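In what follows, chains carry the letters A, B, and so on, assigned in the order in which the sequence lines appear, proteins first and then strands, with residues in each chain numbered from 1. Here the structure is a predicted model, which means the values were calculated and not measured.
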There are 6 protein chains.
Amino acid sequence: MRTDRKNNQLRDISIDINVNMHAEGSCLISMGNTQVLCTATVEKKVPPFLRNQSVGWITAEYNMLPRATGTRNQREVNKGKPSGRTMEIQRLIGRSLRAIIDTKKIDGYTITIDCDVIQADGGTRTTSITGAYVALKLAINKMLETGLIKRDPLTDQLAAISVGISKDDEVILDLDYLEDSSAVADGNFVMTKSGKIIEVQTTAEEYPITDEQFLEMMKVAKTSIIELCEKQDAAIN
Amino acid sequence: MRTDRKNNQLRDISIDINVNMHAEGSCLISMGNTQVLCTATVEKKVPPFLRNQSVGWITAEYNMLPRATGTRNQREVNKGKPSGRTMEIQRLIGRSLRAIIDTKKIDGYTITIDCDVIQADGGTRTTSITGAYVALKLAINKMLETGLIKRDPLTDQLAAISVGISKDDEVILDLDYLEDSSAVADGNFVMTKSGKIIEVQTTAEEYPITDEQFLEMMKVAKTSIIELCEKQDAAIN
Amino acid sequence: MRTDRKNNQLRDISIDINVNMHAEGSCLISMGNTQVLCTATVEKKVPPFLRNQSVGWITAEYNMLPRATGTRNQREVNKGKPSGRTMEIQRLIGRSLRAIIDTKKIDGYTITIDCDVIQADGGTRTTSITGAYVALKLAINKMLETGLIKRDPLTDQLAAISVGISKDDEVILDLDYLEDSSAVADGNFVMTKSGKIIEVQTTAEEYPITDEQFLEMMKVAKTSIIELCEKQDAAIN
Amino acid sequence: MRTDRKNNQLRDISIDINVNMHAEGSCLISMGNTQVLCTATVEKKVPPFLRNQSVGWITAEYNMLPRATGTRNQREVNKGKPSGRTMEIQRLIGRSLRAIIDTKKIDGYTITIDCDVIQADGGTRTTSITGAYVALKLAINKMLETGLIKRDPLTDQLAAISVGISKDDEVILDLDYLEDSSAVADGNFVMTKSGKIIEVQTTAEEYPITDEQFLEMMKVAKTSIIELCEKQDAAIN
Amino acid sequence: MRTDRKNNQLRDISIDINVNMHAEGSCLISMGNTQVLCTATVEKKVPPFLRNQSVGWITAEYNMLPRATGTRNQREVNKGKPSGRTMEIQRLIGRSLRAIIDTKKIDGYTITIDCDVIQADGGTRTTSITGAYVALKLAINKMLETGLIKRDPLTDQLAAISVGISKDDEVILDLDYLEDSSAVADGNFVMTKSGKIIEVQTTAEEYPITDEQFLEMMKVAKTSIIELCEKQDAAIN
Amino acid sequence: MRTDRKNNQLRDISIDINVNMHAEGSCLISMGNTQVLCTATVEKKVPPFLRNQSVGWITAEYNMLPRATGTRNQREVNKGKPSGRTMEIQRLIGRSLRAIIDTKKIDGYTITIDCDVIQADGGTRTTSITGAYVALKLAINKMLETGLIKRDPLTDQLAAISVGISKDDEVILDLDYLEDSSAVADGNFVMTKSGKIIEVQTTAEEYPITDEQFLEMMKVAKTSIIELCEKQDAAIN
């Protein structure tokens with residue numbers, strides 16, 4: 001049972017922006033002990049499948065440093081390929097961001113968001129998404145300032161959070177690593193500031209859950225997303 | 001707009017069992033033009049991370065034949081690794097099945113479900129899951145008959161279905177390839193016969209969707225899962 | 001010793017055509033319990049080494065589904081590359097087909113034959129070749145019908161069969177898996193309907209064999225090839 | 001048309017033995033301008049699939065140096081895997097040698113034959129096999145001398161040669177690179193000194209050939225194998 | 001020509017220790033704009049080649065985050081293997097550290113130093129080595145405190161620095177990226193606090209250099225190493 | 001302690017040129033029992049990063065045959081990638097050669113030097129460099145003779161040698177394998193005929209060494225380089 005904060009309470013959040021001298025946008029985001037470095041890179045190119053379509057592209061990559069975790073995890077480069085988990089997460093980040101951008105307005109450009117987990121304590125994928133938005137927004141601002149693009153391509157603002165169901169059937173928000181390891185179900189919610197749904201991924205790891213439980217998870221997520229978006233706004237401005 | 005069936009209507013389903021002479025359980029499942037060959041292999045071994053824990057394991061692999069699709073897709077073996085999409089799908093299939101099995105009751109055994117898509121026309125991952133259950137159930141039955149295990153390890157029955165939101169904002173069930181390509185949002189639901197939730201994955205590809213839309217998708221999915229479970233029962237018995 | 005059929009007798013053969021809705025040509029061929037799905041894909045492109053030479057190309061790929069065999073074989077994609085056996089077989093299939101086609105008459109096109117072994121019980125490579133011819137012929141017919149090409153590029157008809165020498169020194173035709181496992185020598189013959197030789201591959205696995213034994217193997221093969229070609233004709237027409 | 005030697009005449013052969021200070025057996029074999037360095041390595045181990053079976057193993061590896069050929073060929077290590085051609089050839093070499101050895105008499109040992117093509121001018125695979133026998137024989141002799149094994153495990157002697165059919169329908173022996181490039185059919189024959197067959201691989205690259213042509217190829221090969229075996233004997237003794 | 005500091009002057013250095021909650025030792029080291037995160041992981045295991053030899057092992061891995069550099073560099077995991085440069089650097093780091101440790105005194109343990117370049121502006125390999133020493137020292141201290149080992153295995157203290165020769169033939173210390181790009185020769189020196197040599201790597205990229213130039217480079221390096229070691233001491237204590 | 005030659009004495013050297021019928025330049029170089037086959041390939045192309053810059057390129061590849069060594073080493077192609085050691089060495093060879101060539105004078109051409117170690121007994125990388133110069137020089141001569149280039153692009157002549165410090169603190173030149181295995185420090189020096197420095201790589205494997213030791217190593221190297229250059233000249237002319 002959680003003792004240091006309420007079941008529906010987020011961990012401490014900090015977002016430091018412009019932490020990288022090279023990137024067009026960047027931030028170091030912490031949620032509790034989870035720390036992710038997010039950088040946005042703007043390049044004048046589009047992937048082959050988008051050539052001659054008058055659109056741009058947003059993609060993301062995700063990686064954990066070897067000692068981000070309690071025991072050292074082997075670098076994926078030494079296994080010759082990214083793991084299924086890594087690919088799943090980076091596909092999720094990229095897909096989420098593409099839902100709030102009008103790619104016609106970044107015609108000819110690819111924006112790559114790199115999320116490198118410096119330290120992990122649960123919720124690395126949702127923290128990555130929340131930080132990715134900040135890095136993206138900063139890069140977009142720079143593109144507008146420097147005249148690379150004329151109109152703001154962002155159509156909304158998003159953040160992400162994890163919600164789980166604990167062994168004693170409580171809905172708990174923003175799980176740390178220990179909570180996540182013992183949860184019976186685990187959900188990741190990507191939503192807009194206005195409460196709309198971009199991605200819902202819920203997995204019952206131990207046994208199936210009821211509709212009521214699921215709806216409660218979604219409700220708790222929705223409230224916390226607003227708080228996260230406010231933190232983003234405070235960091236950017 | 002869909003004309004050949006109702007928005008909440010499944011495509012024609014057929015499930016032929018025991019189609020492979022070698023596998024412990026197998027079926028060829030068709031949903032409309034989508035055809036998946038599912039085989040279950042029982043092996044006396046457990047993966048290294050489960051050694052000495054008195055449990056068994058269930059895992060799954062997914063693959064598309066090169067010409068399952070309208071244009072030929074290159075074999076992943078020639079790229080040197082499975083794609084992110086393939087890994088995501090096979091992780092989903094395995095995770096879903098593990099939610100309805102008591103792995104203590106298959107102690108010492110690994111059951112591998114192979115889902116090979118012979119022909120694709122949308123919904124290959126959900127069709128794979130629905131067929132995977134049948135192959136698994138048949139293999140479990142054989143293990144019980146031959147005395148490899150004493151008690152039925154299955155704790156529930158599951159099936160899966162896709163639901164989407166079309167360009168004209170209709171909730172449509174069991175999308176074929178063309179419908180899927182133009183949908184603004186796409187969800188995959190894995191549920192038990194009794195209506196509980198195992199996996200919910202919803203993606204707003206084009207723009208964020210509302211709570212109401214999402215809940216309508218979930219409702220339509222739930223009804224169809226019962227029908228799919230009945231088809232499974234009819235095929236097995 | 002073989003009891004269910006004569007030493008020079010083929011197993012039951014069936015060839016179902018047009019089993020795939022997407023492929024330009026396709027068949028499911030069975031020889032006894034061996035089943036191979038063959039599809040032909042026509043694409044408007046030629047490999048780099050043939051650019052600007054006014055010719056087309058035929059190539060083939062071969063694969064076994066994991067549970068085609070008695071014990072499950074690991075997918076080659078998970079080892080990162082095709083095995084030597086797979087490469088050897090798919091090179092053989094492609095080379096054989098190229099011997100009966102005038103590639104100038106398919107200028108600008110590549111035809112890819114995929115042979116996926118659904119179930120294996122010996123003779124998968126020869127069954128693949130026999131089925132590959134059918135899929136190729138159907139695709140060529142379609143190219144002629146739709147006007148992609150003007151003249152029939154096929155110069156002959158071919159089929160393939162395995163012949164072995166059993167432990168008791170009998171020449172046996174069309175070996176199943178058990179027979180193949182215990183044979184002292186094993187040959188694969190690809191021949192034309194008119195009895196000409198395209199490929200001869202004979203391996204003495206246990207000890208060297210005599211000229212006489214080899215010539216007897218070739219003779220038995222030749223007779224069976226005619227029968228196989230007639231089955232192909234019956235299926236196509 | 002061949003002018004520098006008769007159609008059924010071998011190129012100049014030389015075999016220098018013990019050219020490597022480390023290997024248990026070694027030779028540098030030349031057939032015309034084709035040069036292959038063959039080494040035999042004896043190691044106290046057997047591959048996993050032979051554990052506890054009281055047998056040894058013989059295997060072979062084949063490689064071409066980058067500038068063995070007229071234009072430089074890229075190292076296969078830089079492509080990440082051996083080519084299909086390389087795998088096909090090294091499987092052939094190993095399989096051939098296993099046909100003349102009683103692996104029970106090398107129980108517990110693996111002998112690896114490495115064939116590295118220093119310079120290529122046609123016939124590299126057959127030259128490799130002929131040289132591999134010499135390296136193997138020398139290693140076996142050393143094993144007997146040093147008492148690693150008690151009885152000679154070799155049951156026969158073998159060599160290999162290529163035979164082709166030229167554009168003007170002549171059967172020609174021991175093709176150099178130019179002859180090979182323009183041949184309409186190409187055969188590789190591995191035979192014992194006593195004229196028995198170990199491997200026959202014949203490919204009609206351009207169009208099918210007749211029985212008579214094939215039998216003539218085999219006859220010419222057989223005669224030359226005796227000559228090659230005599231060269232081997234002269235080099236070893 | 002360098003204007004912001006003297007030719008033999010180091011950039012600003014900062015070393016923050018214990019920046020990672022999981023690692024046994026860690027620091028974030030900055031030299032000018034170059035930032036490297038160094039973590040030391042202690043594991044109860046030794047590599048296979050050291051089994052049963054009563055010694056431990058130290059190894060290192062090096063990596064650059066994609067946007068550590070001015071233009072984004074592709075992750076090596078997506079190319080399937082570490083680059084030659086990465087392997088060269090991580091071998092250098094590990095080799096250097098092994099020269100100042102008595103591996104008998106860490107019997108049974110492997111210490112892995114991970115150097116992840118967060119931001120790059122020249123000198124990433126030497127900065128990594130200087131930081132690696134700090135992380136290693138902290139991990140050793142922890143092993144001593146917790147009683148994993150009894151005696152201090154470190155035999156010396158080391159640091160590393162780059163020295164180059166500029167286009168106008170000046171010897172310059174601690175090159176940033178721009179200086180490094182235009183240097184005619186480039187050297188990396190790993191030395192002990194007492195001035196002894198562990199590694200010297202000097203490359204004349206443009207044209208050969210004289211003995212005198214080389215000796216001047218070495219002299220300048222030696223002086224700066226003492227300063228670096230003092231910074232290490234200040235950070236650790 | 002070395003008994004067969006003086007501490008500052010080279011092993012026997014032989015350099016046979018034009019040993020490969022295909023290569024533009026080639027030699028087989030022996031230093032004691034170490035033998036390396038060096039070939040130079042001239043191709044009309046430049047790597048992508050040099051396009052449109054009016055320069056050519058020199059690169060090198062290094063490889064050891066499996067039984068070049070006392071115990072057989074596995075081919076790197078079977079591990080899927082070159083080892084760190086191989087990459088380090090071939091980068092060194094290429095970099096060294098580029099320091100003595102004016103790439104503008106080979107505009108449009110790439111010269112690839114392949115160094116394949118036929119037999120190894122210490123000093124394979126330095127022997128490779130000394131031989132590589134000979135192969136390169138011969139290829140350049142051919143390019144001048146055939147008019148591919150107009151002016152000699154070579155700006156100097158180079159050779160390479162290893163020097164070490166033995167367990168009894170002696171500086172020893174040109175180490176064989178046994179000497180190298182027990183040395184406490186090991187250096188590789190690439191220098192010009194006129195005594196200038198191209199590459200210095202010194203590693204203290206066991207414990208740090210003093211300046212005096214290092215300078216003695218460099219002095220011994222320098223003298224031997226002149227002798228090596230004279231051997232090169234004798235072989236070429």
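Only the backbone of E:E206 has a heavy atom closer than 4.5 Å to any heavy atom of chain F. Of the atoms belonging to E:M191, not a single heavy atom falls under 4.5 Å from chain F. At a 4.5 Å heavy-atom cutoff, E:L92 makes no contact with chain F through either its backbone or its side chain. Residue F:I101: no heavy atom, backbone or side chain, is found under 4.5 Å from chain E. Looking at E:T210, both its backbone and its side chain come within 4.5 Å of chain F, counting heavy atoms on both sides.
Rounding to the nearest 0.5 Å places CG of E:D211 at 12.0 Å from NZ of F:K219. For the atom pair CD1 (F:I197) and OG1 (E:T202), the distance works out to 7.5 Å, reported to the nearest 0.5 Å. For the atom pair E:R95 CZ and F:T203 OG1, the distance stands at 4.0 Å (nearest 0.5 Å).
Ranked by heavy-atom pairs under 4.5 Å with chain F, the list E:K196, E:R91, E:Q201 is led by E:R91. Counting heavy-atom pairs closer than 4.5 Å to chain E, the top-ranked of the candidates F:T86, F:V200, F:T192 is F:V200. Residue with the most contacts toward chain F among E:E205, E:K222, E:M218, E:E88: E:E88 (heavy-atom pairs, distance under 4.5 Å).
Note: F:F214 and E:F214 meet the aromatic proximity criterion, with ring centroids under 6.0 Å apart.
Considering every non-hydrogen atom in both F:A99 and E:A204, the closest pair reads CB-O, 3.5 Å. In plain terms, the two heavy atoms of E:P208 and F:I198 that are nearest each other are CG-CG1, 3.9 Å.
The contact list for residues 56-85 of chain E toward chain F, using heavy atoms and a distance under 4.5 Å, reads E:K81, E:P82, E:S83, E:G84, E:R85 by residue number.
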